[in-house]
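Below is one structure; the comments refer to it alone.
To find a chain, count down the sequence lines: A is the first, B the second, and so on, and within it residues start at 1. What you are looking at is a predicted structure, and each value in this text was computed from that prediction instead of being measured.
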Amino acid sequence: MMTNIIEALRQESVAKLFTGKVFFRSFETWKGEINSITPNKTSRQVIDLGDHLSEIFRTTRTAGRGQGDVSGGGAAWESIVCWYLNLCSIGRRSVAIKHSRALIPDPICDAITVNYRNFVSNTESDLIVIVFPDKPEYQIDKELIHVNDANGRPVPLFSQGRNPKYNLKAVLNALCHRDFSEIEIHIIQCKTNWNDNAQIPMLWDMIYSATNFRNNVTIGRNGYSIANIAQFSYSFVTVPTSRITSITPNSTCVKRVSNISGGNYWGRPTQNNVASSIKEMLLRNLSRGHGQNFLTTLQTELQRLNTEYTFFGLS
DNA sequence: TCAGAGAGACCTCTATGTCT
DNA sequence: AGACATAGAGGTCTCTCTGA
């Protein structure tokens, strides 16, 4: 079957989520919830899942504050957001990736690296959405791509040896290098709790939006910088697990993220001046990944949910 | 190729401080 | 007094790298 490189990357990215123990276990429960919210799997129903993500997430919530909950909860929230963004993006040129060296092309990784004098500090645990440019290599069968690497040498599509594997990362590295200025990067900071953690996205957004510092803080390395790409944004997505009634437009935690470049979101319906539903991020930050809107692209692709897209785990 | 070690990131709840 | 903000405590999970 023909697969373009973007869908190949999406498949790897989503499949990797299921290798996480907590996500794998939780998804057994979430799947039922998801299917009951989207009985007909229309594009509208699937996109509106964004209004219910927190609700779904909370079905596996356990009381208490054991360290397992700490560790697992955060990773699981990040994973379900990644899963949702990829589901809504099928057939488009955007892919959400939970941070992983193996999947994020090197030029992207380099561009978002923050250097604190000599110390290299990657924000290691965010979701990254890459929007690839509208060029033929991203649409044709991935096995027909001809591209040269940064040194001008053709990239071999398969590894050597008895069981040749497709060189996904190497091909992506070469493409991202070649098309760097036309790529969009959107970083998404996920937190289950809002009020305790609002400073973190606020401060990282400040760092990424600053053009220069006086004290040896720089962004980017190896010649790649977010200053040279087509679009960059930083956003915040929370459940939130704290009491919802205590969050108002005037709360400190709301104000802290009210100005970040990509916006602030939660897995609930939009509430004015507080947070937008995560589904609004699709339109606000990721709409350039296709000529048509999400409703249209999804409607076509969802027909193949049980054949080509089984890796989402819904069938 | 795989196991093991190390690094880094994960969140909830209570107590205490601070402002109105 | 009440509302809100913050610090602090604490074990586990996942990824990556290294050496066998």
Plane angle bin for A:Trp30 and A:Phe27 - parallel if under 30°, tilted between 30 and 60°, otherwise perpendicular: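 Answer is perpendicular, since the angle exceeds 60°.
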Hey, what's the ring geometry for A:Tyr224 with A:His177, parallel, tilted or perpendicular (30° and 60° as the breaks)?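 Rings of A:Tyr224 and A:His177: perpendicular, over 60°.
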Among [options], the nucleotide that comes nearest once only the side chain of [X] is considered:
X: A:Thr192; options: B:dT12, C:dT6, B:dC10; answer: B:dT12
X: A:Lys21; options: C:dA5, B:dC11, C:dT14; answer: C:dT14
X: A:Val22; options: C:dA5, B:dC10, C:dT14; answer: C:dT14
X: A:Thr19; options: C:dC15, C:dC13, B:dC10; answer: C:dC15
X: A:Lys16; options: C:dA5, C:dC15, B:dC10; answer: C:dC15

Nearest-Å distance for atom pair [atom1]/[atom2], residues [X] and [N]:
X: A:Leu127; N: B:dC10; atom1: CG; atom2: C1'; value: 14 Å
X: A:Trp77; N: B:dC10; atom1: CH2; atom2: P; value: 15 Å
X: A:Asn197; N: C:dT6; atom1: CG; atom2: C1'; value: 12 Å
X: A:His99; N: B:dA7; atom1: NE2; atom2: P; value: 17 Å
X: A:Glu78; N: C:dT14; atom1: CD; atom2: C1'; value: 11 Å
X: A:Ile188; N: B:dA9; atom1: CD1; atom2: C1'; value: 18 Å
X: A:Phe236; N: B:dC11; atom1: CZ; atom2: P; value: 9 Å
X: A:Ile104; N: C:dC15; atom1: CD1; atom2: C1'; value: 12 Å

Examine [N]: is either OP1 or OP2 under 4.0 Å from a nitrogen or oxygen in the side chain of [X]? Give yes or no.
X: A:Ser251; N: C:dC4; value: no
X: A:Arg25; N: C:dC13; value: no
X: A:Asn193; N: B:dC11; value: no
X: A:Ser100; N: C:dC15; value: no

Please say which of A:Ile34, A:Leu17, A:Ile90 ends up in a side chain to side chain contact (heavy atoms under 4.5 Å, CB included) with A:Phe312.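 For A:Phe312, the side chain to side chain contact (heavy atoms under 4.5 Å, CB included) test succeeds with only one of A:Ile34, A:Leu17, A:Ile90, which is A:Ile90.
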Would you please test A:Ile97 and A:Leu9 for side-chain contact (heavy atoms from CB on, under 4.5 Å) and show each step? CA-CA 9 Å; A:Ile97 304 168; A:Leu9 179 61; 4.0 Å; yes
Which residues share a ring-ring contact (aromatic ring centres under 6.0 Å, His included) with A:Tyr265, sequence neighbours left out: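 A:Tyr265: no ring-ring contact (aromatic ring centres under 6.0 Å, His included) contacts found.
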